[in-house]
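Let me begin by presenting the structure, written as structure tokens, before commenting on it.
Any value given below was found using the heavy atoms of this structure, including those in side chains, with hydrogens, waters and symmetry copies removed.
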Amino acid sequence: MNSEQLVQMANRIAAFFAAMPEHAEAVDGVAGHIRKFWEPRMREQLGALIAGGDTAALHPLVLEAWEQVAVRA
């Protein structure tokens, strides 16, 4: 999957969970979705994108959620 598609997918997930009443719940929702439904190659690609500093196009919830995903990986 190319990086642009990955970013779009992550941002759609974040937009969905952004409607949650509690911010922490939204972050947990994004992290949980990425852990449960993304295959390892997708998670690795997102991690590499974030580690490389190419984060301008990512929704802030994705960045916060990645901290949880990376810790559990």
Show me the donor-acceptor pairs, under 3.5 Å and distance only, between side chains in residues 24-34 and residues at least two apart or in other chains.
unit_1, atom_1, unit_2, atom_2, d
D28, OD1, Q68, NE2, 2.8

Subject >> All pairs passing side-chain hydrogen bond (donor to acceptor under 3.5 Å, both in side chains) where residues 48-66 contributes a residue, at least two apart >> reply: H23-E64
Original post:
Under 3.5 Å, is there a donor-acceptor pair between the side chain of Q45 and the main chain of L6?
Top reply: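 Here the side-chain-to-backbone pair does not exist.
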Subject >> Stepwise side-chain contact (heavy atoms from CB on, under 4.5 Å) test for L58 and L49 >> reply: CA-CA 10 Å; L58 284 169; L49 192 82; 4.3 Å; yes
Original post:
Can you pull the salt bridge (charged side-chain N to carboxylate O under 4.0 Å, His left out) pairs that have at least one residue in residues 38-51, sequence neighbours excluded?
Top reply: E39-R41
Subject >> pair M9-R12: side-chain heavy atoms closer than 4.5 Å >> reply: yes
**OP:** Determine the minimum heavy-atom distance between A14 and L61, stating which atoms define it.
**Re:** O-CD1, 3.5 Å
Original post:
Minimum heavy-atom separation for V62 to A10, with atom names?
Top reply: CG2-O, 3.4 Å
